[in-house]
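Just so it is clear, the model here is predicted, and its values are computed rather than measured.
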Protein chains: 4
Amino acid sequence: MTSGKSPGNRMGRGGPDNLHDMPRKQEIMAAAAKVFARKGFKGATTSEIAREAGVAEGTIFRYFKTKKDLLVDVAGSLAVETLKGIMSEMSAKSDEESLKSLIYNRLELIRPNLDLVKVMFYEAQFHPEVRQMIFGRVIFEAAQMLSEYFEARVKMGIFRDVDPFAAVRSLVGAVFTYIMFDSVLKTANPAWEDSDPQEARDRRNVDLIVDIFLNGVRATREVPGGLPGKPDAGGI
Amino acid sequence: MTSGKSPGNRMGRGGPDNLHDMPRKQEIMAAAAKVFARKGFKGATTSEIAREAGVAEGTIFRYFKTKKDLLVDVAGSLAVETLKGIMSEMSAKSDEESLKSLIYNRLELIRPNLDLVKVMFYEAQFHPEVRQMIFGRVIFEAAQMLSEYFEARVKMGIFRDVDPFAAVRSLVGAVFTYIMFDSVLKTANPAWEDSDPQEARDRRNVDLIVDIFLNGVRATREVPGGLPGKPDAGGI
Amino acid sequence: MTSGKSPGNRMGRGGPDNLHDMPRKQEIMAAAAKVFARKGFKGATTSEIAREAGVAEGTIFRYFKTKKDLLVDVAGSLAVETLKGIMSEMSAKSDEESLKSLIYNRLELIRPNLDLVKVMFYEAQFHPEVRQMIFGRVIFEAAQMLSEYFEARVKMGIFRDVDPFAAVRSLVGAVFTYIMFDSVLKTANPAWEDSDPQEARDRRNVDLIVDIFLNGVRATREVPGGLPGKPDAGGI
Amino acid sequence: MTSGKSPGNRMGRGGPDNLHDMPRKQEIMAAAAKVFARKGFKGATTSEIAREAGVAEGTIFRYFKTKKDLLVDVAGSLAVETLKGIMSEMSAKSDEESLKSLIYNRLELIRPNLDLVKVMFYEAQFHPEVRQMIFGRVIFEAAQMLSEYFEARVKMGIFRDVDPFAAVRSLVGAVFTYIMFDSVLKTANPAWEDSDPQEARDRRNVDLIVDIFLNGVRATREVPGGLPGKPDAGGI
DNA sequence: TATGAATGAGTCTTCATTCAT
DNA sequence: AATGAATGAAGACTCATTCAT
């Protein structure tokens, strides 16, 4: 999300595109996202954000009344980004495939923004508006979408009749935990990462999460032999 | 940990009893813990900490060279507190009982300090000393202890022969996630809490986590019928 | 150097004329020079400097990263000022005239900044950068210039063949001493100044210093009758 | 002056002598002198002085109402010390010998305290009381004493009839300058000191100063051949 | 519209001084 | 008398925000 400059392909008339095709406001938000991720909200200075965005400090305040407004907007954009395409992935594949690919995608989306996500979770403690953006929108909305999917399966007799919202929440929680915890372990103990490559670790853990989730909720139990030998943090 | 002013155990008769029976340094750390939890590290001002501790601002600096030193010390104390008595609970009870009671205790310990814990996790991003305190000490040390417990069971043929550290990490992660996520849900949606009482929710989720963990690692599988009806966030 | 607000050369007619024609940085340095002279480095507060400069306290730090940087810059500017035009005065006049006019000029230059000079000499004890500015640049560079002048005279057979640098240092030292001591006497005993006017005292003492110096170094000795009747402090 | 602790000549019981035979007040002043010399007045903290004196911080204020009072007292003590024995040295020797040995002694006295002396000269700018101590007492009193000596020689027809006070002041100034300047050169350019040893440099310069002074004031002029080959800073 | 110099309230930190023990 | 913990005023420095150009 909010990737740097973006060369873009806009053109005026015939023009080869003005320096940045991202409107000023987007540019500032992108810069802010970067700096927030690096330094946290309080640690980020408007001067550094301006420098990163390549605008004057004062310009920021033409687009955002206060630094906090900027935070809230960035949070909102992160939320939207994270939600984007969430349903389009619940395709016609098997449950197993659907869930796994959905989760893989979220992982890919969140990991490059993980620092920013952490900052937002943290700031959510202090700023209700951020809380609303992050949890009210992303988490609950995602859970909502999945709930509907879940509910449909229940009606079809495929899933057991447990509270769909709670069930789904546990899936979301497990994934969320895995990614957070994995990052924390990496930071605390860099050796952690070498032991096995990110991608393999992801696949193993996601598979496990989905395996358990589906086993846990399916009306008819599959052969339970499939517990992989070595689950990772956040797993089970 | 670091509870308010000092409930004090002033003795009734004869005691000289100095105003606070908690030494000054403890008082300041307790106050700092409170304010850090409320406002975050940067958001906390030494002046507010001083007010909370009931001392002059300058007094803080008689005990802590810098505000950051105060943060690190609070982190250390939180770490110690969290670790305290961790093994004494791995008693002679059944695995199920041992793990459950251990987790219940951690829950009780962490929940009142949850905001502080979140702050510390966040600050760990920026301050290596805090990282060391929180992850180096608490997480890894706890995992270490549990690993040894786990390994013993493996040798006895009770648990499957999977990497003990990784297995244990998944348990710790699941608990950690549950508590974090539960708190987030409460904050974002107060109604969440009313639906069912904290204690019941805890028991249900912890039971589920332990159930899954043990089922997942036991060499001989128990009857797998036990999926409780309504798991919560972080669970499965 | 760095005199007050800005004598200004605002042109009468038509000029847009910005309030101060001295750029902000100069203004702050001028103000700092004044306050340093009045209170010493540690005694000077950034708030007083700001008030003196007619700017907000924060403004100082847009131009100087720290108060000490401000000190060093002021020292540098004092050094440059003091050096300025030092050689242009070694004209084609007689040795006697050349040296005297050079010294008169230095006297005029230094006297209004004497308090500042004293502060800089003092701070040189504690700050190597200031030491470098004051001694490395002013003293040694001036001595260097004079040394060359001296050396030339030696080669011409006019001066005795003594170490030029040492000889010159003694001249510089004598002048320096005279001015320092004279100021000290004035401060300690205001009556001192009334006894005879500054200018006359200067001339008398400088003449004496030069007289002795030249007599001391000339290969062929002049008639030694010229000892004025009443030498002053620092003189001989 | 005011040398450190003073091991004293203690003996078991019955001795008059408490741990240190320097009374507390003296000890504090000695410690303060050291720290002032090292750090300057503002740079010196009462806490460091207390540590140096081996007393509690509060103790200082039993003896000196304020830190500034301590400064003034130290200045006074320095003044007294510097003056001590000043006349006893004007013995029956020749003028040349008398003056030289007097100056040698002052040099020996001042040099170890040079940093303190510099601090006092500096602080004299800001504190009239210190000014009074240093200039009112030391300089003028010394000049007074010498003046009387000088005046006697004038009456005896040995010295020319010039203002004795002014003449003497020039001598004092020359010595003072030499020592200050020499120290400054040493600090700014350590190589300076290696070129020739302190003692030799002192002798050469003092001899020159005295030579010039006496030549300058004697009624009958000596053979003027005596200009040493290589005068130093402060000389001539 | 964009700028960036200027602002000044707010921060952490120091340290002379006080005072209960 | 001596202590040293506590104080709080004051200082250097930061930074979000404003506003004249």
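For B:T46, the side-chain hydrogen bond (donor to acceptor under 3.5 Å, both in side chains) criterion is met by B:E57, not counting sequence neighbours. Every residue two or more places apart in sequence or in another chain that forms a ring-ring contact (aromatic ring centres under 6.0 Å, His included) with C:F36 is listed here: C:F41. Annotation: ring-ring contact (aromatic ring centres under 6.0 Å, His included) contacts of C:F64 (sequence neighbours excluded): none. Among residues two or more places apart in sequence or in another chain, the salt bridge (Lys or Arg N to Asp or Glu O under 4.0 Å) test is passed with D:K68 by D:E129. Listed by chain and number, the residues in a ring-ring contact (aromatic ring centres under 6.0 Å, His included) with A:Y122 are A:F126, B:Y122 (sequence neighbours excluded). Residues passing the side-chain hydrogen bond (donor to acceptor under 3.5 Å, both in side chains) test with C:K118 are C:S183, sequence neighbours excluded. Not counting sequence neighbours, the partners of C:E48 by the side-chain hydrogen bond (donor to acceptor under 3.5 Å, both in side chains) test are C:R38, C:K39. Partners of A:R62 under the salt bridge (Lys or Arg N to Asp or Glu O under 4.0 Å) rule, at least two apart in sequence or in another chain, do not exist in this structure. The side-chain hydrogen bond (donor to acceptor under 3.5 Å, both in side chains) check on A:D73 picks up nothing, with sequence neighbours excluded.
Across the interface with DNA chain E, nearest-nucleotide mapping of A:A56 and D:K65 shows A:A56 to be the residue nearer the 5′ end.
Annotation for B:V74 and B:A33: closest pair CG1-CB, 4.0 Å, computed over non-hydrogen atoms. Summarising the geometry of C:I60 relative to C:I28, their closest heavy-atom pair is CA-CD1, 4.0 Å, with the distance given to 0.1 Å.
Look at CD1 on B:I28: it is 12 Å from C1' on F:dT7, rounded to the nearest Å. Between the P atom of F:dT3 and the CZ atom of D:F61 lies a distance of 14 Å, rounded to the nearest Å. Rounded to whole Å, atom P of F:dA10 lies 14 Å from atom CD of B:E57. Atom CD in B:E27 sits about 10 Å away from atom P in F:dT7, given to the nearest Å. Between C:R62 atom CZ and F:dC15 atom C1' there is a gap of 11 Å when expressed in whole angstrom units.
For DNA chain F, runs of at least 3 consecutive pairs of the Watson-Crick or G-U wobble type, with both hydrogen-bonding distances under 3.5 angstrom, map to E:2-21 with F:2-21.
In summary, contact between chain A and DNA chain E, defined as any nucleotide atom under 4.0 Å from a heavy atom of the protein, begins and ends at E:dT1 to E:dG4 in the 5' to 3' direction.
Nucleic acid contact for B:F64: none, since no nucleic acid atom lies under 4.0 Å from a heavy atom of the residue.
Near DNA chain F, meaning a heavy atom under 4.0 Å away, there are no residues from residues 36-46 of chain D.
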